[in-house]
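Report on the following structure.
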Amino acid sequence: MTSIAVISDIHGNLHALEAVLEEIRRLRLREIICLGDIVGYGPFPGECLDLVMARCRHSVRGNHDEAAYNLAAAATFNGNALRAIRWTHETMRSDQLDLLRLLPEVTYVEEDVMCIHNCPVPGPSDYIHDSGMAARAFRGVDVRVCLVGHTHVPAVFEAPSANVEDYFKAADIAAFPLMDGQSLQLKAGRRYICNPGSVGQPRDNDPRASFGVLNTRRWTFTIRRVEYDIDAAQDATHAAGLPPILADRLALGA
Ligand code: ZN
């Protein structure tokens with residue numbers, strides 16, 4: 001398989017997930033990787049999990065997926081995230097919570113691609129937002145490409161060496177924020193951390209659902225944005241009694 005769709009941070013937003021899956025079908029991409037946070041925040045956690053299980057060849061577990069079956073893992077969540085994850089825990093069936101529990105934390109696809117939700121090295125902050133955070137994260141990247149989610153912001157970080165023994169400073173790492181339709185060539189002799197952005201709760205001021213396409217023959221990573229019915233997703237969030245800010249932010253992409 002040479003072209004792989006990469007989705008992440010769906011967060012129970014079924015309207016966004018269905019729109020992204022439709023676009024993936026239109027692009028004739030048969031293989032999908034999910035980088036976790038299937039649930040949490042949004043009103044359709046079980047429905048999103050069922051779709052991910054049916055359509056994705058691989059999925060890893062995100063921090064919200066873990067907190068859904070183990071509320072103790074939500075200790076660091078803010079108030080709205082905590083309210084939403086308690087609602088998610090009560091809403092999902094026990095067999096669905098068991099499916100989340102069984103998701104791996106890390107997985108490898110093909111020989112050169114590693115998948116993890118947040119960051120390949122544990123640390124005080126596991127959000128790879130900038131070159132400094134990426135420099136630290138590359139210590140855990142032992143293949144050409146590491147796919148991550150978690151920040152809800154599409155981006156690629158490039159390290160100047162393929163040697164896992166090499167350590168980097170922030171200044172060594174190139175950062176590429178990617179907009180809709182933008183593609184980056186993943187050069188030989190380097191390593192990359194690629195983030196497809198978020199399907200269900202984008203935070204880069206573009207409210208459209210985001211996903212990535214990794215081509216492992218030409219070695220490119222491309223970002224795609226998809227319009228979806230934000231009004232319907234907001235209505236469902238309110239109807240579920242979830243915190244109103246979780247609906248408001250969908251229209252802002254923030
Ligand atoms: Zn997330």
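Whatever order the structure lists ligands and atoms in, that order sets their numbers, starting from 1.
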Side chain to side chain contact (heavy atoms under 4.5 Å, CB included) between D166 and D172, intermediate numbers included
CA-CA 11 Å; D166 290 346; D172 300 325; over 6 Å; no
Any pair with a residue in residues 190-200 that passes side chain to side chain donor-acceptor pair (under 3.5 Å), sequence neighbours left out, goes on the list, sorted by first then second residue, please.
T151-N195, E158-R190, E158-Y192
Side chain to side chain, L14 and L51, heavy atoms closer than 4.5 Å
yes
Which of R55, R57, H58 passes side-chain contact (heavy atoms from CB on, under 4.5 Å) with I32? It is R55
Distance filter < 2.8 Å from the Zn ion (ligand 1), protein N/O/S hits 4
Using the ring of each side chain (for Trp, its six-membered ring), is Y41 parallel, tilted or perpendicular to H152, with breaks at 30° and 60°?
perpendicular
Name the orientation class of the two ring planes belonging to H150 and H117 (parallel below 30°, tilted from 30 to 60°, perpendicular beyond 60°).
perpendicular
